[in-house]
Amino acid sequence: MVMAVSFERYGRLYYLDPGEFRPRVGDKVLVPTDDGPEVAECVWAPQYVTEEIGGLPLCEGIASAKDLDRDEQNRQRRADARVIAKRTIRQHGLPMKVVGIDFVDRRPDVDQLVIVYFSAPHRVDFRELVRDLARALRARIELRQVGARDEARLQGGIGPCGRDLCCATFLKDFEPVSVRMAKDQDLPLNPLKISGACGRLMCCLKYEHPLYQEFNAKAPALGTSVETPAGDGVVVGHNVPSDTVVVRLAASGRRCACSRADVCSPRQQYEASGTTTPDAAPVEPAGTPDSAPAAVVVPTPDATDAADAVPEDREETTESREERRVRKPRRRRRLHHDDEGETGQ
């Protein structure tokens, strides 16, 4: 069985093995972490899955009232630490932006630990800042600089599609995204159009790129003459999500959208056929009565040599048949090359 929890409302989902517990949606459960068990909200109730999934962390049970009070106090401490950190950074005049705060109080090696996640355009000397924060918060301080993508993941937000950011909900690892992917998908190379909330290329460009690669490999290229149910025309556009090809008809000049299968099927049959031209004359196979070679008769001078002449005659006839059988494929290949030359012209 598998269940899903979230530490923040509409935040990233984490999957657990419920074990012997059966929490309902909205219940608070204890999730094992590197810093000890933390309180999270059950988003998906435990349910059976068809595939066997291993390696999931085990749920440590339903959160008690003591755990809920501790979680509420830690939330208040994180909010206070964020205000103090912003004010201290402003006093030092450092080009830093506070992205997130973590408060840890269950690590065995420290009593209280405050982790400050920040973003900055370059390296920052924050040695004096750490001393002032430790004095103000009365706890051990760790400052961790994050990149633009991690900043968007920690803060969350709404993407250009109108949905929550992928990195803040379900995306685990960041995969490399290049401008080439945008070119393959015929997207405008405008940074405002293909950039996400983090200012980098949108991660969703990676999702549909294999689909565009497969479509471009099988569909006819732009400017190719094709045959459609509406008549002959030229390919002027592709519509990958609908798996159609836009064709400008030669007769009327209007454009129509045709399925890729309607345009590619004749071409695939043409390439899979044995002959290079559909109207080529069929080549008769060797060994038919019409194409059987005539027997070669060898004259014999007298009757005494007749018995010896018959085997020679048969051997020559057999050799001539074998030579013709070997010659048949040559003639077929020569016809094949001639047809290709005529087709290329």
Please say yes or no: joined through hydrophobic side-chain contacts below 4.5 Å, possibly via intermediate residues, are Phe170 and Tyr14 part of one cluster?
no
Within the supplied structure, the quantity of interest is the number of heavy atoms (other residues, nucleotides, ligands) at a distance under 6.0 Å from Gln112 CD; does it exceed 12?
yes
Nearest-0.5 Å distance, OG1 of residue Thr88 to CZ of residue Arg135
10.0 Å
Picking from Cys59, Pro37, Pro57, what satisfies side-chain contact (heavy atoms from CB on, under 4.5 Å) with Pro32?
Pro57
Less than 4.0 angstrom from a charged side-chain N to a carboxylate O is my criterion; do Arg77 and Glu72 meet it?
no
Grouping I, L, V, M, F, W and Y whenever their side-chain heavy atoms are under 4.5 Å apart, do Val146 and Ile115 come out in a common cluster?
yes
same_hphob_cluster(Val177, Tyr212) at 4.5 Å side-chain heavy-atom cutoff
no
Let me check something: do Phe118 and Val114 share a hydrophobic cluster, defined by ILVMFWY side-chain heavy atoms less than 4.5 Å apart, either directly or through other members?
yes
Distance from Phe103 atom CZ to Ile101 atom CD1, nearest 0.5 Å?
11.5 Å
Please report the closest heavy-atom contact between Leu249 and Gly231, naming both atoms and the distance.
CD2-O, 3.9 Å
Nearest 0.5 Å, what's the CZ-CZ distance between Arg153 and Phe174?
4.0 Å
Any idea which heavy atoms bring Asn239 and Pro241 closest together, and the distance?
OD1-CD, 3.3 Å
Just verifying a value: how many Å separate Ser242 OG and Arg260 CZ, rounded to the nearest 0.5 Å?
10.5 Å
Distance-minimising heavy-atom pair for Asp164 and Thr169
CB-CG2, 3.7 Å
Relative to the ring of Phe215, is the ring of His238 parallel (under 30°), tilted (30 to 60°) or perpendicular (over 60°)?
perpendicular
Find out whether Ile84 and Leu137 are in side-chain contact, i.e. whether some heavy atom of one side chain is under 4.5 Å from a heavy atom of the other.
yes
For Val31 and Ala40, work out which heavy atoms get closest and say how close.
CG2-CB, 3.6 Å
Please name the pair of heavy atoms, one in Cys42 and one in Val5, separated by the smallest distance, quoted to 0.1 Å.
CA-CG1, 4.1 Å
Quick one, Asp35 and Leu113 - any side-chain contact, counting heavy atoms below 4.5 Å?
no
Do His122 and Pro95 have side-chain heavy atoms sitting under 4.5 Å apart?
yes
Under the 3.5 angstrom rule, does the side chain of Gln185 hit a backbone N or O of Leu205 as a donor-acceptor pair?
yes
How many angstroms lie between SG in Cys204 and NZ in Lys206, if you round to the nearest 0.5 Å?
13.0 Å
No-hydrogen, no-angle side-chain donor-acceptor test under 3.5 Å, Gln73 and Asp69
no
Are Val130 and Val98 grouped together when hydrophobic residues (ILVMFWY) are joined by side-chain heavy atoms under 4.5 angstrom apart?
yes
Let me see the working for Arg70 and Glu38 under salt bridge (charged side-chain N to carboxylate O under 4.0 Å, His left out), right down to the final yes or no.
CA-CA 10 Å; Arg70 168 184 166 274; Glu38 297 291 342; 3.3 Å; yes
Roughly how far apart are Leu13 CG and Met3 CE, rounded to 0.5 Å?
11.0 Å
Could you go step by step and tell me if Arg127 and Asp125 meet the salt bridge (charged side-chain N to carboxylate O under 4.0 Å, His left out) rule?
CA-CA 6 Å; Arg127 288 175 292 184; Asp125 184 7; 2.9 Å; yes
Within the supplied structure, the quantity of interest is the number of heavy atoms (other residues, nucleotides, ligands) at a distance under 6.0 Å from Asp34 CG; does it exceed 12?
no
